[in-house]
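For the numbers below, each heavy atom of this structure counts, side chains included, while hydrogens, waters and symmetry mates do not. In what follows, chains carry the letters A, B, and so on, assigned in the order in which the sequence lines appear, proteins first and then strands, with residues in each chain numbered from 1.
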Number of protein chains: 2
Amino acid sequence: MTTNKLRGRGRPRTFDPAEAVASARILFHARGYDAVSVSDMTTMLGINPPSFYAAFGSKISLFKRVLDYWAGSGAIPMESILRPDRPVSLSLAVLLEEAARHYASDPSAAGCLVLENTRCDDKDAREAALSFNVAAEDAIREYIALRHPENADCVADFVSTTMSGLSAKARNGHGLAQLLATARLAAIALKGVLPH
Amino acid sequence: MTTNKLRGRGRPRTFDPAEAVASARILFHARGYDAVSVSDMTTMLGINPPSFYAAFGSKISLFKRVLDYWAGSGAIPMESILRPDRPVSLSLAVLLEEAARHYASDPSAAGCLVLENTRCDDKDAREAALSFNVAAEDAIREYIALRHPENADCVADFVSTTMSGLSAKARNGHGLAQLLATARLAAIALKGVLPH
DNA sequence: ATATTTATATAGCGGTCACTACATAAAACA
DNA sequence: TGTTTTATGTAGTGACCGCTATATAAATAT
């Protein structure tokens with residue numbers, strides 16, 4: 001994490017931007033883009049606003065860096081779950097259970113970073129989160145379509161909707177056990193609609 | 001709607017508070033509590049801040065009036081859906097379909113006013129919305145428990161989670177057809193888990 | 001008419017927001 | 001050493017937030 005990129009000539013930084021991105025993820029995940037102020041961020045990082053803007057440019061560009069960072073490190077590993085060597089309904093059931101586990105894993109940052117921020121008030125942040133959400137939904141839909149093209153759209157919508165619900169409920173009182181039970185109940189519908 | 005309550009002696013109001021509550025519902029429903037400023041509200045109502053505060057006291061107390069008003073007029077009529085004379089799984093399927101229809105009915109104010117605002121950044125508004133949400137979930141759980149006490153908790157959680165997902169998706173691109181298809185898919189799980 | 005009551009319009013309160021102008025400190029390079 | 005480069009800390013900017021002090025306008029009551 002301490003990526004001291006080879007230093008050039010000026011005064012050295014007093015903080016590590018990569019670590020700052022990881023810290024920013026915690027804040028954005030816990031409270032959402034709108035509710036985190038640049039002042040909150042600079043206080044947590046122990047720096048002043050000019051250092052923040054010199055390193056990241058703007059609040060929204062830091063948020064985009066956080067999304068990129070999280071997609072490659074902490075988010076649900078879709079490609080390892082949506083495997084071609086097991087039944088689609090099983091893969092989707094695993095996906096929902098994994099979502100339940102992820103969303104409940106850190107009570108101080110419950111739910112999905114991407115899904116929660118697809119509903120924030122800042123247009124740019126919302127659209128940035130939405131693009132990640134759309135990409136994930138496309139991956140799910142295409143995975144289903146490989147073996148169940150006729151049901152891909154509505155099943156993908158159902159899975160996406162259930163994940164949104166799981167994320168929302170993770171933030172409003174549902175714990176791991178409840179989320180898992182809901183995920184397993186949803187999987188019943190998947191088994192029922194996908195020929196096996 | 002034009003409830004001119006019997007006037008006393010002072011200068012008469014230039015606006016109808018009951019109509020203002022209905023207008024406020026549209027704004028809060030379309031954008032959420034955080035994203036609606038008092039300035040937005042007074043501009044829409046054609047009044048000045050002092051008139052607003054004289055009539056409603058504060059932004060949060062207007063929001064609470066909006067919730068009360070909406071629960072009694074525009075929200076999903078739970079008591080007429082959760083009927084004791086038909087199968088629980090059927091009632092819940094109707095509830096989910098009705099949610100889909102409600103959440104998609106006004107594209108400029110998509111989703112559920114209550115559910116969407118259980119996730120806003122203002123603590124008081126969030127808790128006000130949450131209390132309505134909890135009441136609705138309790139009603140669902142108790143309805144299920146009358147005939148399926150062993151499954152009431154997890155089935156109620158599943159229905160609540162699905163409604164949260166429907167509301168979220170209604171705000172992010174899913175239209176009536178998609179929401180209805182998702183509701184019907186969720187109903188398969190309900191039929192599967194509730195003995196009939 | 002005058003007093004009382006209530007709602008109004010103007011103007012602005014202190015606070016927070018994302019962001020920046022400016023001078024300086026700390027490093028590498030010549 | 002002196003120049004260049006980069007990041008820093010101090011101290012703000014203007015815009016918007018929820019909300020209000022103050023004076024006045026418009027009704028009823030006496």
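- Along DNA chain D, the nucleotide closest to B/S58 and the one closest to B/G10 are compared, and the more 5′ of them pairs with B/S58.
- Closest to the side chain of A/T14, out of D/dT20, D/dT8, C/dC17, is D/dT8.
- Between the P atom of D/dG18 and the CZ atom of B/F28 lies a distance of 9 Å, rounded to the nearest Å.
- Taking 4.0 Å as the cut-off between side-chain N and carboxylate O, B/E137 and A/K169 count as a salt-bridged pair.
- Residue B/S37 places its side chain closer to D/dG18 than to any other of C/dA7, D/dG18, C/dC19.
- Separating the CD1 atom of A/I47 from the P atom of D/dT8 is a distance of 7 Å, rounded to the nearest angstrom.
- Across the interface with DNA chain D, nearest-nucleotide mapping of A/N48 and B/K59 shows A/N48 to be the residue nearer the 5′ end.
- Each of B/F15 and A/G57 lies near DNA chain C, and the nucleotide nearest B/F15 is the one positioned closer to the 5' end.
- Nearest to the side-chain atoms of B/R11 among the listed nucleotides C/dA11, D/dA25, C/dA18 stands D/dA25.
- Side-chain atoms of A/Y53 lie closest to C/dA18 of the nucleotides D/dA7, C/dA18, C/dA11.
- B/E142 has its side chain out of reach of B/L146: every pair of non-hydrogen atoms, C-beta onward, lies at least 4.5 Å apart.
- Taking a cutoff of 4.0 Å between a charged side-chain nitrogen and a carboxylate oxygen, A/R141 and A/D138 qualify as a salt bridge.
- At a cut-off of 3.5 Å, with distance as the only test, a side-chain donor of B/S37 or B/D40 sits close to an acceptor on the other residue.
- When each of D/dT28, D/dT10, C/dA28 is scored by its nearest atom to the side-chain atoms of A/R9, the top-ranked nucleotide is C/dA28.
- Here C/dA27 presents its C1' atom at 14 Å from CZ of A/R13, a figure rounded to the nearest Å.
- Residue contacts for B/P12: at a heavy-atom cut-off of 4.0 Å it reaches the sugar-phosphate backbone alone, with no base atom in range.
- Computed from coordinates, the A/D122 CG to C/dC19 P distance equals 9 Å when rounded to whole Å.
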